[in-house]
2 protein chains.
Amino acid sequence: MTTIKDVAKKAGVAVSTASLAINHSSRVSKETAKKVLDAAAELHYQKNGWARDLKMKKTQIIGVVLHDLSGSFYAPIIKGIEETLHSYGYGLIACSTAGENLGTAERFLRERRVDGVIVFSADIKNETLFDVCRAHFPLVVLDREISHANLYSVTVDNLQGGVLAAEHLINHGHTSIGYISGPSNNWDSQLRSKGFTECLSQNGLSVPSKWHIKGDYSQRGGYQAARLLLQQEQLPSGLFVSNDQMAIGVLEAFAEAGVSVPDQVSLIGFDDIELARYIRPSLTTVKQPKYEMGATAAHQIIQHLQGSPSKEHTMLTTEVIQRQSTAKLD
Amino acid sequence: MTTIKDVAKKAGVAVSTASLAINHSSRVSKETAKKVLDAAAELHYQKNGWARDLKMKKTQIIGVVLHDLSGSFYAPIIKGIEETLHSYGYGLIACSTAGENLGTAERFLRERRVDGVIVFSADIKNETLFDVCRAHFPLVVLDREISHANLYSVTVDNLQGGVLAAEHLINHGHTSIGYISGPSNNWDSQLRSKGFTECLSQNGLSVPSKWHIKGDYSQRGGYQAARLLLQQEQLPSGLFVSNDQMAIGVLEAFAEAGVSVPDQVSLIGFDDIELARYIRPSLTTVKQPKYEMGATAAHQIIQHLQGSPSKEHTMLTTEVIQRQSTAKLD
DNA sequence: CTGTTAGCGCGTTCAT
DNA sequence: ATGAACGCGCTAACAG
């Protein structure tokens, strides 16, 4: 390991001078600077980030903790975070919590390797968050309602999303309505349910229990839920599936069973993942503003870092993206 | 910022004792350990990773530099890397080079914030790689042929992949063959072309220039290339599109023009991205072993770190995944 | 079992 | 314009 000491020696100057030269300070003469830079190049000198960070107490890097680095759902969120951070001169590094592997993520949160962290993973418990958040170390949590000092949160109005799904089916003339819900211990899922069923009942409608199946947010779960639905004597004409991943499984099961979407049943999903556009029939869905979520989170981190106050909680709205999988009932 | 010093003072012990206690050394008595841990909890003490790394000269973390953190193409690769690293007790952090934003990536490479780096991004130039690779800092480059001390590479046999694509079309009875190639300055793309055209000519076939369109590996580029193809009087019966992203664009353009796949033209792509299974018609394609690429890269890094030698270059093979977009010509 | 001391590599006073 | 000395927070050698 060649250090700045070696460079200084080779250039025949003091360490401090070498440091100044390498960091392009104007306080050093052109000639000495050149000498130092040449020596550095010759010795293949590379700064030691650890030492630098320790001294400077900042990195200009924000950490992002995701459940799954490779999930397509996260893509637009990351993009939103990245572009925003970049515009402020910050970089981003990401790690995942998949596979019970909390090690790296917790080290991010606890050991202050970055200037702040954005968390989007249910694997990190609230207590952990409370435990690690400190002054001068901003934390933004996505998709979770939580309140604490130095802790910001960005959520999506899942309740309103559920309402939109119900309204969409109602406006398309559907009165026999089915529902494949998400995991009941899931916060998002509960709110989507609440919005959906309440809006239905305000319109004098409800989901009969034979048409209400519980799913697990996975594609496979959606497939299985649809199989259950298909065993009923009759199918609803409108169906809300509480996330797109499951909706894709439902579409598969329906295709296998020869049930035509949207002719026999109109299907509306939730999330608007990338696949929703490409699957056939393409999927009508309640869109989460993913890019915006990322951008908002990044803004909050930066504002905190720059000492300007910012709202502790931000809630974003959803909208329906009409595609092929829903149609008017005549 | 509360440091280990504060904890030691509060617990009434020396800093070193506090350190031992916090790191669960057996060399410290139960009582003192409890005193220290209690003090730490009370003061909300969190280790400072920067200082620790500086001292330990290692992090047990591997960095991954990707062109695009949110590209679905990378998903299985990351998974392969992650699972392998995890099995060795290493963690992973990732950053991207998208948007001309090399800052973070270069800092990873230069400033030794991690124990080793896996690079999968054409944005990082060879010279940079040569410049930053040093002893005890293993670098693995994916999808690039490169040779240097402390530098490992993992590639996919694109040449063979091109051959497979040609063979597939030939075996399905196609003799009028079109080709939408990738960017000509791209190394992968060149090899795919070479394998494809050479195999064709060995079978007495070739791609007439009217049916050879150059694309740019983007979906939009594929769409445009297909429009160009559609302007010809006649369409080939078999078409090789040199990546799936473009193939999806081609499928769109064909669907718009009422050209049926595979009845009128058989289409084979390259990569086997996730979407290939879901799009309709589903896409026959030459699969890159992405998970394996990631796993191999991770193994090489770890082996180097553990002092065991390993092959400097590994080349993986491709295979054809038959789906709906190609059919036998009768 | 515990305290003292040293130093990791860097950036930054404060002198000269 | 340049150099000597210091300290960031931590771990590890060596004493006691």
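Because the structure is predicted, anything quoted here is derived from the model rather than measured. The basis for the numbers below is simple: all heavy atoms, side chains too, and nothing from hydrogens, waters or symmetry mates.
C/dC10 atom C1' lies 12 Å from atom CE of A/M1, rounded to whole Å. Note: CG (A/D53) to P (C/dT12) measures 13 Å, nearest angstrom. Rounded to whole Å, the distance from CD1 on A/I4 to P on D/dC8 is 19 Å. Rounded to whole angstrom, the span from the NZ atom of B/K9 across to the C1' atom of C/dG3 amounts to 16 Å. For the pair A/R27 CZ and C/dC14 C1', the computed distance is 10 Å after rounding to whole Å. If you measure from atom CG of B/N48 to atom P of D/dG7, you get 18 Å, rounded to the nearest angstrom. We find that NZ of B/K5 is positioned 8 Å from C1' of D/dG7, with the value rounded to whole Å. When the C1' atom of C/dC8 is taken as reference, atom CZ of B/R112 falls 12 Å away, rounded to whole Å.
A pairwise comparison of heavy atoms in B/Y45 and B/I4 identifies CE1-N, 3.4 Å as the closest pair. Here the shortest heavy-atom pairing between A/F73 and A/I273 reads CD1-CG2, 3.9 Å.
Each of B/L54 and A/L20 was matched to the nucleotide of DNA chain D holding its nearest heavy atom; the match closer to the 5' end belongs to A/L20. Between B/A51 and B/A14, the residue whose closest nucleotide on DNA chain C is further toward the 5' end is B/A14.
The CD1 atom of A/I301 sits 5.0 Å away from atom CD1 of A/I62, with the distance rounded to the nearest 0.5 Å. Rounding to the nearest 0.5 Å gives a distance of 10.5 Å between NE2 of A/H148 and CG of A/L139.
A/V15 comes within 4.0 angstrom of nothing in the nucleic acid, heavy atoms only. At the heavy-atom level, B/T3 lies under 4.0 Å from the strands shown only through sugar-phosphate atoms. As judged by a 4.0 angstrom heavy-atom cut-off over every strand, A/M56 is placed among residues touching the sugar-phosphate backbone only. B/N23 comes within 4.0 angstrom of sugar-phosphate atoms only, judged by non-hydrogen atoms across all strands, and of no base.
Distances shown here put a side-chain N or O of B/K57 below 4.0 Å from the OP1 or OP2 atom of C/dG9. At least one side-chain nitrogen or oxygen of B/T32 sits closer than 4.0 Å to the OP1 or OP2 atom of C/dT2. Not one side-chain nitrogen or oxygen of B/T17 sits closer than 4.0 Å to the OP1 or OP2 atom of C/dT2. Checking the phosphate oxygens (OP1, OP2) of C/dG11, a side-chain nitrogen or oxygen of A/R52 falls inside 4.0 Å. Of the side-chain N and O atoms in A/S29, none sit less than 4.0 angstrom from OP1 or OP2 of D/dA1.
With B/L69 as reference, A/L69 is the one residue of A/L69, A/L66, A/V64 to meet the side chain to side chain contact (heavy atoms under 4.5 Å, CB included) rule. Among the candidates A/D68, A/D123, A/T104, the single residue satisfying the side-chain hydrogen bond (donor to acceptor under 3.5 Å, both in side chains) test with A/T97 is A/D123.
Counting only residues at least two apart or on different chains, the side-chain hydrogen bond (donor to acceptor under 3.5 Å, both in side chains) pairs with a member in residues 33-44 of chain B are B/K10-B/E42, B/K34-B/D38.
Taking five base pairs at each end of the helix from C/dC1-D/dG16 to C/dT16-D/dA1 and finding the rotation axis that steps the C1' atoms of four pairs onto the next four gives two axes whose angle is 40°, to the nearest 10°.
For the 3.5 Å distance criterion, the side chains of A/S310 and A/H304 fail to qualify, holding no donor opposite an acceptor.
For a distance-only test at 3.5 Å, the side chain of A/S16 qualifies as a donor-acceptor partner of the base of D/dA4.
When distances run from any side-chain atom of B/Y45 to the nucleotides D/dC10, D/dT2, D/dG3, the shortest one goes to D/dC10.
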